[in-house]
Amino acid sequence: MVARQIDEQIAGRFPVGRRLRVLDVGLGQGTQALRLARAGHEVTGLEPDPEMIAAARAALAAEPEGIRERVRLIEGDGRDTGAHFLPGAFDVVLCHGVLMYVPEPDPLLAGLARVLAPGGLLSLLVRNADALAMRPGLSGDFATALAAFDSPAYTNRLGLEVRADRRETLAATLAGIGTPLRAWYGVRVFSDLAGDGVAAPADLDRLLAAEERAGRTDPYRAVAALLHLCGVRGG
């Protein structure tokens, strides 16, 4: 879903065939970075976890030489973009599944906006604080569901204590750093329990079609487990 949404935003903002400069902050194993490199873009991945960046390097090593040449991997923290990159260095900045680990996200977001060129796209994937009660509530854990109404803190599937974000708060932050919100989607509206022992449906194509429709339709997208927010520098 996220890949389709990114491609939709890129297609709507940049000329067809333009080779974009992409920064993937917290790239993990490099799924999006490699996908965009295969599409012809120049991609820089920034990742603080040595194990994750080792996995990304291993995945990159399996790619053809032409794709390897388009990817640069750096071990570093997303909060230190100013130490690694010049202002306006990138056309697209991805920051997916990172903000939940950052107690104070505003400095990180300001740094990401700084390295975006005018008209550049900032893509954020965050845990939806306005829907934190949904997963435990649907699972029958009503004590956790009740607690989720009052706090953005939660325990993720890795057992880590992390935090979620509210769309309105992030929209205000993005406007304040000159990268106003231009589009947003819900992610995992119907499939959020799939990792909790719920079997995947036999008709995966229809699930994806339903998720894609719900992810851009009110009121469904507002209760998605994740939010995909897209801001535009100087937009």
Do V98 and L108 have side chains that approach each other closer than 4.5 Å (heavy atoms only, starting at C-beta)? yes
With sequence neighbours excluded, residues passing side chain to side chain donor-acceptor pair (under 3.5 Å) with S151: none
State which residues pass side chain to side chain donor-acceptor pair (under 3.5 Å) with D205; sequence neighbours excluded, sorted by chain then number. none
Not counting sequence neighbours, which residues clear side chain to side chain donor-acceptor pair (under 3.5 Å) with R127? List them please. none
Residues which pass salt bridge (Lys or Arg N to Asp or Glu O under 4.0 Å) with D49, listed by chain and number, not counting sequence neighbours: none
Those residues at least two apart in sequence (or on a different chain) that pass salt bridge (Lys or Arg N to Asp or Glu O under 4.0 Å) with R213 are none
Please list all pairs meeting side chain to side chain donor-acceptor pair (under 3.5 Å) that have one or both residues in residues 112-124, counting only residues at least two apart or in different chains. H96-S123, S123-H228
Grab the two heavy atoms, one from A145 and one from A133, that are nearest each other, plus how far apart they are. O-CB, 3.4 Å
For residues 62-79, which residue pairs pass the salt bridge (charged side-chain N to carboxylate O under 4.0 Å, His left out) check, not counting sequence neighbours? R38-E63, D77-R79
For the pair E212 and R4, find out whether any cationic side-chain nitrogen is under 4.0 Å from an anionic carboxylate oxygen. yes
Using the side chain to side chain contact (heavy atoms under 4.5 Å, CB included) definition, which of the options D7, L94, V187 pairs with V2? V187
With ILVMFWY side chains joined below 4.5 Å, transitively, what does F142's cluster contain besides itself? none
What pairs with Y101 under side chain to side chain donor-acceptor pair (under 3.5 Å), at least two apart in sequence or on another chain? N156
Can you list the steps and then say if Y185 with Q9 is a side-chain hydrogen bond (donor to acceptor under 3.5 Å, both in side chains)? CA-CA 11 Å; Y185 308 86; Q9 291 300 312; 2.7 Å; yes
Can a salt bridge be assigned to the pair R57 and E47 using a cut-off of 4.0 Å between side-chain N and carboxylate O? no
For L109, which of V93, I177, T179, V102 qualifies under side chain to side chain contact (heavy atoms under 4.5 Å, CB included)? I177
Once side chain to side chain contact (heavy atoms under 4.5 Å, CB included) is applied, do any residues pair with A56, and if so which ones, sequence neighbours excluded? L27, L73
Sequence neighbours left out, what pairs pass salt bridge (charged side-chain N to carboxylate O under 4.0 Å, His left out) with at least one residue falling in residues 10-30? R18-D91, R19-E42, R21-D91
With sequence neighbours excluded, give me every salt bridge (charged side-chain N to carboxylate O under 4.0 Å, His left out) pair touching residues 166-176. D130-R166
